[in-house]
Amino acid sequence: MSKSLRWSEKWFRRGLWLVALVFASFLIGLGSAVVGDLPRVEEPVLRDDFLDPAVAAPLKRTLDEGELAQQRIDDRREQAELQLRAAQQATQSARQSFAAWIATREATAQPSQDTALIERTRALDALQSEERTRSQQVQALRQEALDTRQAMAAAQRSLATETEAADARWLTARRSAELRVFLYRLALTLPLLGLAAWLFVRKRRSTYWPFVWGFILFAGFTFFVELVPYLPSYGGYVRSVVGIVLTVAIGRQAIVALNRYMQRQRQAERMPDAQRREALDYDKAQARLAKGVCPGCERSVDLKDGRTDFCPHCGMGLFDRCTACAARKSTFAAYCQACGCAAPGSTGRETAAGERAETAAAAPAA
Ligand SMILES: [Zn+2]
Ligand SMILES: [Zn+2]
């Protein structure tokens, strides 16, 4: 991606970067759709699947039945208690009337009433025994309720222990399922990242560079951003380690490139002046001159003083005289700015313009 001076080329490049971004965004959309469908590869892990039904079902049945039984016992106990109270009242009033009757009997002392006494005593006994029976019934029902309650509590405790163990198994299974999903995703995204790295190294300057860069952006985004929500607890390590590896690889590449550039530069500076100028890209040389640096060694040179003809650092010729009109002109200019003559050695670089200039130059001579 050399720097261009041509206005349209600049805008074309910007447009192509936009193409790269749009391409990347569509790839990201496609990628996230694919990644989003991945969990369906795994069956969802349900909590209830880990409760042993052979153990849990009888416990749950005990609890359900216990609740119903308790309700039933409570109803019966209420009835029995009501009956007990009625019996108690009956005994109470019978006792009072018996006491009153005894008092009158002692007052009158009629022996003919002895049979009546026996009968009344018997009736009272019957009432008392009825009261005792009711009381026993209530006691029995209370005992039954207590038994049911204790059985339910025991079942509840066993179920809690069982659920706790099941939960532990469930968590383990869920964690390993999450890990598997993460590994699927990693298996999908890591090769993308590898391909992107290869494209970066080999193809980033190719003719189809917008697609190459689009893909590189997509792979980077997919790996470092899209994968994040699916990372397991140690997923941060994976991301950081890959980031470190990539940074080291890119950094190493940059250092090697810098050394290579320095070496090339030193070699170039030893070559003859004309050959060095020939080797330089026209647009690149112009861009460097515009920034006030020597196109050969890239060190800053005063180009505007009108006297500096050679780079004081590397000796490259920066200005010379036009062969036709002897005007002072840049050695990197293809044509003389004073007479329009093509500079020697520069013809053919700018074919159409060159021809025009050559005819223009030839006209006054003819
Ligand atoms: Zn120089
Ligand atoms: Zn000239």
Can you pull the side chain to side chain donor-acceptor pair (under 3.5 Å) pairs that have at least one residue in residues 126-138, sequence neighbours excluded? Gln83-Arg134, Thr91-Glu131, Glu130-Arg134, Arg134-Gln137
Would you indicate whether Phe12, at its atom CZ, is surrounded by more than 12 heavy atoms from other residues, nucleotides or ligands within a distance under 6.0 Å? no
Checking the side chain of Gln286 only, and the main-chain atoms of Phe332 only, is there a donor and an acceptor separated by less than 3.5 Å? yes
Using 4.0 Å as the upper bound for N to carboxylate O, is an ion pair formed by Arg77 and Asp74? yes
Verify the neighbour count for atom CG of Asp305: are there more than 12 heavy atoms of other residues, nucleotides or ligands below 6.0 Å? yes
Show, in sequence, the C-alpha distance, side-chain angles and deciding distance for Asp147 and Gln143, and conclude whether the side-chain hydrogen bond (donor to acceptor under 3.5 Å, both in side chains) test is met. CA-CA 6 Å; Asp147 289 348; Gln143 182 65 49; 3.3 Å; yes
So, do Glu178 and Phe182 sit near enough that their side-chain heavy atoms are less than 4.5 Å apart? no
Which atoms form the tightest heavy-atom contact between Cys311 and Val301, and what is the distance? SG-CG2, 4.0 Å
Can you see whether Phe319 has Arg328 sitting over its ring - NZ or CZ less than 6.0 Å from the centre and within 45° of the normal? yes
Can the ring centroids of Phe218 and Phe215 be said to lie less than 6.0 angstrom from one another? yes
Parallel, tilted or perpendicular, judged at 30° and 60°: which one describes the rings of Trp213 and Trp17? tilted
Considering all heavy atoms of both residues, which atom of Arg120 and which atom of Ser97 are nearest to each other, and what is their separation? NH1-OG, 4.2 Å
Decide whether a cation-pi geometry holds between Arg204 and Phe200; the criteria are a distance under 6.0 Å from NZ or CZ to the six-membered ring centre and an angle within 45° of the ring axis. yes
Ignoring hydrogens and angles, write down the donor-acceptor pairs under 3.5 Å from the side chains of residues 164-172, residues two or more places apart or on other chains.
unit_1, atom_1, unit_2, atom_2, d
Asp167, OD1, Arg47, NE, 2.8
Asp167, OD1, Arg47, NH2, 3.3
Asp167, OD2, Arg47, NH2, 2.8
Arg169, NH2, Phe50, O, 2.8
Trp170, NE1, Val45, O, 3.3
Thr172, OG1, Ala168, O, 2.7

